[in-house]
Amino acid sequence: MSLPTATSLQITAARPYPELLDLPWEVPLEEWPEEHLAALPRGISRHVVRFVKLGSRVLAVKETNAEIAHREYRMLRLLNRLEVPSVAPVAVITGRTARDGEPLNSVLITRHLQFSLPYRALYSQTLRPDTAKRAVDALAVLLVRLHLTGFYWGDVSLSNTLFRRDAGAFAAYLVDAETGELYDELSTGQREYDLDVARTNIAGELMDVVASGALDADMDVVLSISDRIISRYRTLWSELTQEESFERGDRWRVEARIRRLNDLGFDVGELAITTDIDGTTVRIEPKVVDAGHHSRRLLRLTGLDAEENQARRLLNDLDSYRAATDRQGDDEEIVAHDWLAEHFEPVQRQVPRELRGKLEPAEVFHEVLEHRWYLSERAGRDVGLEEAAESYVRNVLPSKPDEVAVLGVDTQAIRVVAGD
């Protein structure tokens with residue numbers, strides 16, 4: 001029987017991708033030839049998922065039924081428009097048939113998130129409890145952001161999340177929106193149910209890691225880490241949504257509240273302020289809040305698009321540069337331009353081309369700053385940035401695993417990142 005024609009496929013996409021027609025849609029996804037695949041580390045999924053090389057891009061292809069594929073595609077588009085950390089949808093393809101005429105499952109195609117790892121790839125061979133805690137912390141921040149948006153997940157887990165390294169911590173991204181629903185506002189019951197599901201799923205996932213021998217921990221440690229999602233979530237949620245009263249003259253307390261929100265990675269876009277009848281107190285409630293205060297400031301000043309903790313660290317170095325050069329009175333944008341030319345870019349130029357797939361540029365700069373502090377402490381003097389960068393590139397960076405794309409290596413074979 002002849003191959004199905006391209007016209008038998010129905011492609012739903014926000015923009016045309018003609019090269020999608022070159023892929024072997026008449027073959028079940030689990031049987032696709034290696035020539036089309038990028039062997040990136042895969043997480044656990046209820047569906048068949050493959051990473052596919054398409055020109056200079058890498059796409060994630062997931063087989064599912066047409067209704068679920070279209071629904072998840074629409075949900076991911078909504079979440080991307082709301083600027084919630086999640087993978088970007090590319091297309092849905094239906095109408096697939098095998099060579100013998102049998103119908104095949106539809107597929108949802110998303111863009112691979114560069115430098116991201118499924119939680120299984122965070123440990124590969126061994127997982128330290130501290131690494132697991134940082135992953136849970138990142139998941140708690142993601143869940144708060146989703147809930148503030150009105151998104152009810154329904155299946156919160158480490159497996160449905162991708163992680164990117166963020167200045168020693170992790171930033172979490174939603175990768176599976178299949179069970180999600182978007183509301184104007186979530187009830188307490190909906191939020192609590194998501195939290196309960198998260199705690200149960202995390203405990204189960206970590207017990208699987210313990211059973212595999214990759215995590216040396218007893219049940220108490222596992223339960224403590226899984227319970228962490230509850231405490232971290234509630235602390236952040238309370239800080240973002242609680243009402244607080246201030247005396248009229250306590251302006252510093254209002255500013256302190258906003259600073260705490262900023263330090264947690266959130267910005268205050270609008271304040272609902274009401275005055276009591278006697279005019280003695282002011283009640284402040286953050287109404288429009290969003291993560292990314294430091295990321296947006298760094299992007300505005302330098303054009304660098306970095307994760308929140310990375311941006312905070314880079315901005316600290318920028319502020320230190322400004323003080324060291326006695327330019328506090330200069331325009332912030334001009335100082336940032338000079339910092340970029342004199343500090344950030346020279347460090348990136350020291351990284352050889354063959355090592356540029358190791359870590360993204362902002363993470364490299366963060367690690368160089370950490371390395372500089374270590375060298376300075378050991379030497380008992382201030383080690384310059386150029387000297388620290390040269391030492392880092394020579395002695396540290398070559399041992400890092402490639403996180404932009406680990407081709408030809410499955411999750412179980414990824415080298416452990418030192419320090420985790």
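For clarity, every value in this text was computed on a predicted model and none was experimentally measured. For the single chain, residues carry numbers from 1 onward in sequence order.
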Is it the case that the side chains of [Y] and [X] hold a donor-acceptor pair, with the cut-off being a distance below 3.5 Å and no angle test?
{"X": "E178", "Y": "H47", "answer": "yes"}
{"X": "E367", "Y": "Y392", "answer": "yes"}
{"X": "N309", "Y": "R312", "answer": "yes"}
{"X": "W153", "Y": "N160", "answer": "no"}

Any donor and acceptor pair, going by atom type alone, linking the side chain of [X] with main-chain N or O of [Y] inside 3.5 Å?
{"X": "S159", "Y": "S157", "result": "no"}
{"X": "W25", "Y": "L20", "result": "yes"}
{"X": "S376", "Y": "R372", "result": "yes"}
{"X": "H112", "Y": "V58", "result": "no"}
{"X": "S226", "Y": "L223", "result": "yes"}
{"X": "S86", "Y": "Y173", "result": "no"}
{"X": "S391", "Y": "A388", "result": "no"}
{"X": "Q350", "Y": "V393", "result": "no"}
{"X": "S212", "Y": "V209", "result": "yes"}
{"X": "R50", "Y": "H36", "result": "no"}

Got a salt bridge between [X] and [Y], using NZ or NE/NH1/NH2 to carboxylate O under 4.0 Å?
{"X": "R313", "Y": "E370", "result": "yes"}
{"X": "R57", "Y": "E19", "result": "yes"}
{"X": "R199", "Y": "D196", "result": "yes"}
{"X": "R74", "Y": "E67", "result": "no"}
{"X": "K62", "Y": "E72", "result": "yes"}
{"X": "R297", "Y": "E332", "result": "yes"}
{"X": "E307", "Y": "R164", "result": "yes"}
{"X": "D338", "Y": "R327", "result": "yes"}

(message) I'd like to check the side-chain hydrogen bond (donor to acceptor under 3.5 Å, both in side chains) partners of R234; sequence neighbours left out, ordered by chain and number.
(response)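 With sequence neighbours excluded, R234 shows a side-chain hydrogen bond (donor to acceptor under 3.5 Å, both in side chains) to E192, given in chain and number order.
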Between atom [atom1] of [X] and atom [atom2] of [Y], what is the distance when rounded to the nearest 0.5 Å?
{"X": "S106", "Y": "R96", "atom1": "OG", "atom2": "CZ", "result": "8.0 Å"}
{"X": "L23", "Y": "L59", "atom1": "CG", "atom2": "CG", "result": "8.0 Å"}
{"X": "L314", "Y": "T302", "atom1": "CG", "atom2": "OG1", "result": "7.5 Å"}

(message) Taking salt bridge (charged side-chain N to carboxylate O under 4.0 Å, His left out) as the cut-off, I'd like each qualifying pair that reaches into residues 104-113, sequence neighbours left out, listed once.
(response)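 Counting only pairs at least two positions apart or across chains, no salt bridge (charged side-chain N to carboxylate O under 4.0 Å, His left out) contact touches residues 104-113.
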(message) Enumerate the salt bridge (charged side-chain N to carboxylate O under 4.0 Å, His left out) contacts for residues 339-349, please, sequence neighbours excluded, ordered by first and then second residue.
(response)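 Those involving residues 339-349 do not exist here.
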(request) Applying side chain to side chain donor-acceptor pair (under 3.5 Å) between Q310 and each of H366, H294, E363, R165, report the one that passes. (result)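 Running side chain to side chain donor-acceptor pair (under 3.5 Å) over H366, H294, E363, R165 with Q310 returns exactly one hit, E363.
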(request) State whether the number of non-hydrogen atoms from other residues, nucleotides or ligands found under 6.0 Å of E185 atom CD is greater than 12. (result)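 Not buried by this count: 12 neighbours or fewer within 6.0 Å.
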(message) Go through it in stages, so that I can follow the logic: the residues are L139 and I202, the test is side-chain contact (heavy atoms from CB on, under 4.5 Å), and I'd like the CA-CA distance, side-chain angles, deciding distance and then a yes or no.
(response) CA-CA 10 Å; L139 181 55; I202 291 170; 3.9 Å; yes
(request) Mind running side-chain contact (heavy atoms from CB on, under 4.5 Å) on H147 and W237 for me, showing each step along the way? (result) CA-CA 9 Å; H147 284 177; W237 183 267; 3.7 Å; yes
